[in-house]
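A short write-up of the structure that comes next.
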Amino acid sequence: MTTKVNIAGVEFKNPVMTASGTFGSGMEYGEFVDLNKLGAVMTKGVANVPWVGNPTPRVAEVYGGMLNAIGLQNPGIDVFLERDYVFLKQYDTKIIVNVCGKTVEDYVEVVERLGETEVDMLEINVSCPNVKEGAIAFGQETGALCHITSEIRKKAKQPVIMKLSPNVVDIGEMAKAAEASGADAVSLINTITGMKIDIHKRAFALANKTGGLSGPAIKPVAVRMVYQAANAVKIPVIGMGGIANAEDAIEFLLAGASAIAVGAMNFVNPYLTEEVVTGIEAYMERYGVTDIKELIGAVK
Amino acid sequence: MSQEKIAPDIYDMWLETNLATEAKPGQFICLYPKEESTLLPRPISVCETDLQRGRLRIVYRIAGKGTAEFSTYQAGDTVDILGNIGNGFPLAEGAGKKAFLIGGGIGIPPILQLAKELQAEKQIVLGYRNGDTFLLEDLEQHGTVHIASEDGSIGTKGNVMDAIRAEGLQAEVIYACGPMPMLRAIKAYATEQGIPAYLSLEEHMACGVGACLGCVVKTKEVDHHSHVHNARICTEGPVFEAQEVEI
């Protein structure tokens, strides 16, 4: 039985990854999960300089999910390379660095710095709904997405994954735009913009007013969009959005994802990523699946 | 576990857990609700530990669906918990000194284990909404207790600072947990008196392990982890010296 998957020439021991922003740099979950067991760690977004993020409250629970408006707080690429990258290099897992920026130049600066490292892949965040400049501004219109994708592709030494927003009219068109501009893969979905109002305080639950919805509440939307994207492009799709167990992960694989990432549910069950790995193996054994690639896109 | 209601909406739960032996005053644990629509762990401070019987006590107020679920648990039930989280109150900073241990409302519970362990001249100042007090008898065993209540039904009418002023109390160090307006007033008082104040802060959080960056507080200096003026309450806190944080 093999659980190996290959995305843009990078081989992963299994398709289970950690969705950006829900797993820190891996360090925070190291005492719960054997990082060596994971296909890859996708890091929290990294910018060219430290970002302070949004005011609190930054998180709020909603039915079956949560809203967040962290605002991409991060210590910047220098600290990432000195501390988080060095930490992750100790493990036998692939490193995918999520890159964020306010301008194309910001992204390119981080991409170039990462080009000097042994980071395995880059995931470009053009879909965070919680910052005013950059991020989602590049991911909601095909022209902007094509521009940033091709600029990054010119400078990147590693394969480039464009992380797409669900807050668009046609996810297939966005995936095609990324593919046409040189993306090596796409990942989706980022969070869905939402809002919560505290009726007792008559105030927004988040200081940012709106936030990104994640968790099991968004899973059906994510599965549908992964299916649409996978059928629109030839490049691999990495699926994410509300995965709470191995069954959910398998659903994404069947919809067409070549790999999957566990996100908000890491907060609910810090052991989850490893449980998904073993759960996928148990499913394969139960149904006599010898190669996980048989599952990818098996439901047409 | 065992549990009883000790005041309106306030519950007193003892959990049998091996976390009890390690728990320090001012640390907290996270409880995970069983209801799947309420996903996130609920941070609740350690009220007391019982090393002989390996039990950890929490006292909490019903604030939403998660805590409402916890309040229905009965002896013999189990719940998933994560802990012990955070750094707790620095005991050495108050050793041998004249100290205020201040708790306001549902910030009172962590003061109990602090009062048990702190070797100091302890003046415990408690703020309640009204005469529905809780943990009062437990706390009276570990220091002199001064009370304020918002409606004046017990102790000084007003808040904990009103009680301190009305009774002319003095201290060389402060430990406190309670609502933000109380903590701001204590910071102002500590600044004016030129004494340290160790404040236990609270913020909405998603993970409890330092990954989500939900529970940050603005800091005076650049934080060593974030490299911006934000520290994580779950990991760098929940207790901060008042002058370190912008509250």
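Just so we're on the same page: letters track the sequence lines, and every chain starts at 1.
The nearest pair of heavy atoms linking A/Val268 to B/Leu39 is CG1-O, 3.3 Å. Of all heavy-atom pairs between B/Ala211 and A/Gly24, the closest is CB-N, 3.8 Å.
Neither the backbone nor the side chain of A/Pro55 comes within less than 4.5 Å of any heavy atom of chain B. Proximity to chain B is absent for every atom of A/Met27, based on heavy atoms less than 4.5 angstrom apart. Heavy atoms of A/Val79 lying under 4.5 Å from chain B belong exclusively to its side chain.
Among B/Gly210, B/Ala206, B/Gly66, the residue making the largest number of heavy-atom pairs under 4.5 Å with chain A is B/Ala206. When B/Leu82, B/Leu213, B/Val222 are compared by the number of non-hydrogen pairs under 4.5 Å with chain A, B/Leu213 comes out ahead. Ranked by heavy-atom pairs shorter than 4.5 Å toward chain B, the options A/Ala69, A/Pro216, A/Pro75 are led by A/Pro75. In terms of heavy-atom pairs under 4.5 Å with chain B, the best-connected choice from A/Pro57, A/Ala205, A/Gly215 is A/Pro57.
The 12-atom threshold is exceeded at CD of B/Glu192, counting heavy atoms of other residues, nucleotides or ligands nearer than 6.0 Å. Atom CD of B/Glu16 has 12 or fewer heavy atoms from other residues, nucleotides or ligands within 6.0 Å.
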Please tabulate, one pair per line, the donor and acceptor atoms of chain A and chain B that lie under 3.5 Å from each other, or say none if there are none.
unit_1: B/Ser37; atom_1: O; unit_2: A/Gly64; atom_2: N; d: 3.0
unit_1: B/Leu39; atom_1: N; unit_2: A/Glu61; atom_2: OE2; d: 3.0
unit_1: B/Leu40; atom_1: N; unit_2: A/Glu61; atom_2: OE2; d: 2.7
unit_1: B/Arg42; atom_1: NH1; unit_2: A/Glu61; atom_2: OE1; d: 3.3
unit_1: B/Arg42; atom_1: NH1; unit_2: A/Glu61; atom_2: OE2; d: 2.7
unit_1: B/Arg42; atom_1: NH2; unit_2: A/Glu61; atom_2: OE1; d: 2.7
unit_1: B/Glu203; atom_1: OE1; unit_2: A/Thr56; atom_2: OG1; d: 3.2
unit_1: B/Leu213; atom_1: O; unit_2: A/Arg58; atom_2: NH1; d: 2.8
unit_1: B/His225; atom_1: O; unit_2: A/Arg83; atom_2: NH1; d: 3.0
unit_1: B/His225; atom_1: O; unit_2: A/Arg83; atom_2: NH2; d: 3.1
unit_1: B/Asn230; atom_1: ND2; unit_2: A/Val52; atom_2: O; d: 2.8
unit_1: B/Asn230; atom_1: ND2; unit_2: A/Gln73; atom_2: OE1; d: 3.0

